[in-house]
Engineer: 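What follows is a structure written as structure tokens; I'll ask about it next.
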There are 2 protein chains.
Amino acid sequence: METAAAKGTLVVLAADLATTEELVRLIHQVGPHIAALKTHVDMVEDFTMESWHEVVAAAHTHDLMLFEDRKFADIGKISKTQMGGIYDIRSWADIVTAHRVSGPDIVDGIAAGWDEVQRIGGVFLLAQMSSRGNLLSEGYTDATIATGAASPHVLGYIGNGSAPDEVSSLRKKVGEGKMIWTPGVNLSAAEGVLGQRYGHPAEAIGAGADGIIVGSGIHGAADPEAAAAAYAEASWNALLSR
Amino acid sequence: METAAAKGTLVVLAADLATTEELVRLIHQVGPHIAALKTHVDMVEDFTMESWHEVVAAAHTHDLMLFEDRKFADIGKISKTQMGGIYDIRSWADIVTAHRVSGPDIVDGIAAGWDEVQRIGGVFLLAQMSSRGNLLSEGYTDATIATGAASPHVLGYIGNGSAPDEVSSLRKKVGEGKMIWTPGVNLSAAEGVLGQRYGHPAEAIGAGADGIIVGSGIHGAADPEAAAAAYAEASWNALLSR
């Protein structure tokens, strides 16, 4: 994240909004305080490639990486095809997420998708989750990290920052060559709905994360810009005091 | 699968084609020999809701269930939203697949998606996969079946038919209340590309499957209708001699 240092932020904005207009407005509000934009393109109700290009252009204005949280979870051959289709993720995403569950070939399948449009992108594998009852056991995490370590296409891992001890051991397992981004981060740590849990930015960064994924803490705030600045500061201070 | 008995087939067609025109043609060719249509709507290059309705209408002509192999793999809250969007899966799919990996809430999230449009659908959880290096360990499978057993929204499981002993034990674990559909089935069992493996229809049904998912064995055949009829016969004979 080259822009992270320039901006003094480790914030990845989870932009779970339903329209491209809302997305563009939010990007311009908080763009100076974040490093990357995490999207779920398949929850955008008014998607057309034209309207989506406005989102992409807004993100580029603020030097944001585009990070589609697709959670690819099929075999490589299918995932490659799913990088295309009408969303054509391969043509605009710089980073995507994938589950390791179906097999290691998923990374090659995704990379092959980018190859088809002569672009290069990076995969973040889900190594840990904070959701209740998830099945990412320690053995699952280890297999995921082994796959990532063996592939130049894997930039890093999504790992749980809610439990510092766990995540320190994730950093030990991962080493220094790959990134760890921690989801479910909120300045007021609390229990979410439908299986979501939150952790604090300082906890996540203190435990070794290189990025914190923040959603409603920013886009649900009365003043999203001020909130984004607060998360940026919290993440950067935590980095400096690590 | 009410139509399965009427037609004498346990075949679920994996219709991995890139255009709606090809899909509609294939459905009319093989419809009488199959029980359900498995789609990846996000690999259809010319998707519009209008063109997709032609696929849905063609499937309904042949009494096929529409089975979107989305492999939902996020938390419940996100999966609910992903049932909508421009593909609006909730409005046409009768069945979807989901990974249990993120947590049991995914089933409720998907069901809530159908609720929003006053429809009822069923979830198939991935309990086993045949792809190389997958992480669906026995403990993972057991947790998946426990989730399914506790939910009326789970109709059944996707389970591996390549290894009869394993799948018999899957049937024992599942009991009789839920279905098992086995993917990667081909009359000429052989190794596929990018992590895919194939098993034989008689093996899968003999091991307790209620449905066999067949892809290139039908849509890649010189005569898809004859191929579909052959798979239907093989599956039905295997059921009768079980």
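Both backbone and side-chain heavy atoms feed into the values below; hydrogens, waters and symmetry mates do not. Below, chains carry the letters A, B, ... as their sequence lines are ordered, and counting in each starts from 1.
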Engineer: When heavy-atom pairs shorter than 4.5 Å are enumerated against chain B, which of A:F47, A:F72, A:Y140 gives the highest number?
Structural biologist: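 Of the options given, most contacts go to A:Y140.
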Engineer: Does atom CD of A:E138 have more than 12 heavy-atom neighbours, drawn from other residues, nucleotides or ligands, at distances under 6.0 Å?
Structural biologist: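 No - once you tally the heavy atoms of other residues, nucleotides and ligands closer than 6.0 Å, there are 12 at most.
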Engineer: With a 4.5 angstrom heavy-atom cut-off, which part of B:D88 approaches chain A: side chain, backbone, both or neither?
Structural biologist: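 When you check distances to chain A, no heavy atom of B:D88 falls under 4.5 Å.
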Engineer: Examine whether an atom of A:V101 lies under 4.5 Å from a heavy atom of chain B, and if so say whether it belongs to the side chain, the backbone or both; otherwise answer neither.
Structural biologist: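 Both backbone and side chain.
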Engineer: I'd like to know which of B:D46, B:V41, B:D42, B:D16 tops the heavy-atom pair count under 4.5 Å against chain A.
Structural biologist: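 The candidate making the most pairs under 4.5 Å is B:D42.
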Engineer: Quick check on the interface: out of B:L135, B:L136, B:D74, B:I106, who has the most heavy-atom pairs with chain A under 4.5 Å?
Structural biologist: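 Ranked by contacts with chain A, first place is B:L135.
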Engineer: Please name the pair of heavy atoms, one in A:I75 and one in A:S102, separated by the smallest distance, quoted to 0.1 Å.
Structural biologist: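 Here A:I75 and A:S102 meet closest at N-CB, 4.2 Å.
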Engineer: Return the option, out of A:G85, A:G103, A:A143, A:S137, with the maximum number of heavy-atom pairs under 4.5 Å with chain B.
Structural biologist: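 Result: the option with the highest number of such pairs is A:G103.
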Engineer: Decide if atom CD of A:E21 counts as having more than 12 heavy atoms of other residues, nucleotides or ligands within a radius under 6.0 Å.
Structural biologist: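 Check fails, neighbour count at 12 or below.
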Engineer: For the interface with chain B, which of A:I86, A:V44, A:T144, A:T48 has the highest count of heavy-atom pairs at distances below 4.5 Å?
Structural biologist: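 That would be A:I86.
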Engineer: Evaluate the side-chain proximity of A:H153 to A:I110: yes if any heavy-atom separation is below 4.5 Å, no if none is.
Structural biologist: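 No, side chains not in contact.
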Engineer: Parallel, tilted or perpendicular for B:F67 and B:F124, by the 30°/60° rule?
Structural biologist: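 Aromatic pair B:F67/B:F124 classed tilted.
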Engineer: Taking the basic N atoms (NZ, or NE/NH1/NH2) and the acidic carboxylate oxygens, is any pair closer than 4.0 Å for A:D94 and A:R119?
Structural biologist: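 Answer for the salt bridge query: yes.
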